[in-house]
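Numbers for residues simply follow the sequence, beginning at 1.
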Amino acid sequence: MSIVDKFKARIQGVKSVVLTTHVIPDADGIGSEISLCLALRSIGIKAICLNDEPLPQRYRYMDPDGVVSGSDEFHPETYGPVDLWIVVDTNTVDRVCPRLQPLIHAKNNVLFIDHHPAAHLKDPERHCVDTNAAATGQLTGTIIEGLGVKFDRKLALPLYTAIIIDTSSFRYPNVSASTHHLVGDLMETGITPSEAYNGIYGAKKIDHMHLLGTILSTAQATKNGDIAWIHLSKNLIKRFDSDVEDTHAFINHLLILDSIKVACMFRDDGDVLKVSLRSSGEWDVGLLARHLGGGGHSHSAATIIKKDPNESVEALIQKTVEKMEAILPTLKV
Ligand SMILES: [Mn+2]
């Protein structure tokens, strides 16, 4: 069954929906839920989006109608019955806001719309999961078109942003002709690349620029240049008083290196080291992340490594890079 047919089957007779996404949501999750929420409202379904927190300021340009609320503003008694929970950009209830998890489990009617690997899903035929989709925003756009809802600017801008963010501006191999066809349809509404791009990327403060400059000036690479990395240390985060969520895109700058295969960003977070991985296209960093106990897409993945109090972070990074170098030849897509 196609993604669209599955979606239509799941909303049969549904009058009320609550949408959510994973905690610490990104623009793909946020853009997808906003757009789908508006589309469902336009076909007469009661819908809201609930996240773990209210929408951060930098994403508000996508939500002029304010369809997203923080979960603590939600009162199930006054809202009334929820027929269906829709979770976008993840495929496990464990990753959504802890306050919502019991409500979702109690209803026992959840629909995942997602593009991450979902081998654990017991009933994949009931969910809209396609790991080939470049973004959840792409799946969401396909579903909205399949419902016969016409895009307008309010639906299009969040989806366009979702796709720009998850493809790092159309650079990854999972960007397909259908991604661009959908983007064409979104642009027919009159939205422009610059308003999405400026909205999502063009809202930084000068401190952010200085942090980026400092980080990039300490970038390192293996001798042959296959692997390059940056380290966002505790001191740097503190020194620039930066919002950690704002640093996710730093890693992408490494992908412009001429012989890069795998880019890494190490970030200190308490007693763990968070490791983000990006691929130049031909190397499967999802597989690499799984070797290191994490997971993700072939072009974008992550893992977490426990720090050893008896070892410096620098030594841990060095060791991890050596491990990556050893595995690298097996990662060719
Ligand atoms: Mn995504």
Side-chain angles (χ1 to χ4, degrees), residues 1-22 25-51 62 67-68 81-93 95-96 100 103-105 107-152 154-163 166 174 176-179 181-186 189:
M1 220 200 281
S2 76
I3 290 286
V4 172
D5 288 341
K6 283 189 201 181
F7 188 85
K8 284 182 176 167
R10 293 296 304 275
I11 61 163
Q12 264 309 319
V14 163
K15 293 194 177 68
S16 164
V17 162
V18 177
L19 299 106
T20 189
T21 180
H22 50 84
D26 58 15
D28 190 23
I30 291 169
S32 298
E33 64 179 359
I34 292 172
S35 190
L36 187 56
C37 180
L38 295 172
L40 290 172
R41 286 180 179 184
S42 79
I43 57 169
I45 294 176
K46 182 180 171 189
I48 52 161
C49 304
L50 294 179
N51 289 357
M62 285 194 269
V67 302
V68 179
V82 177
D83 298 329
L84 177 69
W85 285 83
I86 298 180
V87 176
V88 302
D89 204 39
T90 183
N91 52 61
T92 161
V93 176
R95 287 216 55 216
V96 312
L100 298 178
L103 300 174
I104 299 175
H105 287 305
K107 181 65 203 169
N108 196 23
N109 194 18
V110 60
L111 165 62
F112 296 112
I113 302 175
D114 189 30
H115 65 137
H116 297 92
H120 67 279
L121 265 186
K122 275 190 239 94
D123 42 7
E125 65 292 334
R126 283 172 53 77
H127 299 280
C128 302
V129 176
D130 180 357
T131 53
N132 293 317
T136 298
Q138 181 178 340
L139 288 173
T140 307
T142 307
I143 288 168
I144 290 173
E145 289 194 307
L147 292 174
V149 174
K150 232 180 138 19
F151 291 132
D152 60 16
K154 280 186 185 171
L155 268 74
L157 190 59
L159 286 185
Y160 190 86
T161 305
I163 295 169
D166 254 36
N174 58 3
S176 63
S178 38
T179 317
H181 286 308
L182 173 65
V183 165
D185 293 343
L186 297 174
T189 66

More than 12 heavy atoms from other groups under 6.0 Å of NE2 on His105: yes
For a quick test of reading the model, state the closest non-hydrogen atom pair linking [X] to [Y] and the distance between them.
X      : Y      : result
Ile144 : Ser35  : CD1-OG, 3.4 Å
Val149 : Ala39  : CG2-O, 4.1 Å
Pro124 : Lys6   : O-NZ, 3.3 Å
Ala162 : Ala135 : O-CB, 4.1 Å
Ala134 : Thr179 : CB-OG1, 4.1 Å
Ala47  : Leu40  : CB-CB, 4.2 Å

Test side chain to side chain contact (heavy atoms under 4.5 Å, CB included) on Ser32 and Thr21; report intermediate values, then the result. CA-CA 9 Å; Ser32 298; Thr21 180; over 6 Å; no
Side chain to side chain contact (heavy atoms under 4.5 Å, CB included) between Asp28 and His115, intermediate numbers included: CA-CA 11 Å; Asp28 190 23; His115 65 137; 3.3 Å; yes
Distance check, rounded to the nearest 0.5 Å: [X] atom [atom1] versus [Y] atom [atom2]?
X      : Y      : atom1 : atom2 : value
Tyr160 : Leu186 : OH    : CG    : 8.5 Å
Ile163 : Leu182 : CD1   : CG    : 4.5 Å
Ile3   : Thr140 : CD1   : OG1   : 10.0 Å
Phe7   : Ile143 : CZ    : CD1   : 5.5 Å
Arg41  : Leu155 : CZ    : CG    : 11.0 Å
Ser16  : Leu84  : OG    : CG    : 9.0 Å

For [Y], is there any backbone N or O sitting under 3.5 Å from a side-chain donor or acceptor partner on [X]?
X      : Y      : answer
Thr20  : Val87  : no
Lys8   : Gly146 : yes
Asp114 : Val129 : no
Asp123 : Arg126 : no
Asp83  : Lys15  : yes
Arg10  : Val110 : yes

Are the side chains of [Y] and [X] in contact, using a 4.5 Å heavy-atom criterion?
X      : Y     : result
His120 : Asn91 : yes
Val68  : Ile48 : no
Thr92  : Thr90 : yes
Leu103 : Trp85 : yes

Just by distance, no angles: are the side chains of Asp166 and Gln138 close enough, under 3.5 Å, to form a donor-acceptor pair? no
Under the side-chain hydrogen bond (donor to acceptor under 3.5 Å, both in side chains) rule, what do His22 and Asp89 come out as? Steps first, then yes or no, please. CA-CA 7 Å; His22 50 84; Asp89 204 39; 2.9 Å; yes
Looking at Val17, Val88, Val67, Ile86, which hits side chain to side chain contact (heavy atoms under 4.5 Å, CB included) with Cys37? Val67
Before you tell me yes or no, could you show the steps for Ile30 and Asn51 under side chain to side chain contact (heavy atoms under 4.5 Å, CB included), namely the whole-Å CA-CA distance, both residues' side-chain angles and the distance that decides it to 0.1 Å? CA-CA 9 Å; Ile30 291 169; Asn51 289 357; 4.2 Å; yes
Test side chain to side chain contact (heavy atoms under 4.5 Å, CB included) on Leu36 and Ile113 and set out the steps. CA-CA 11 Å; Leu36 187 56; Ile113 302 175; 3.5 Å; yes
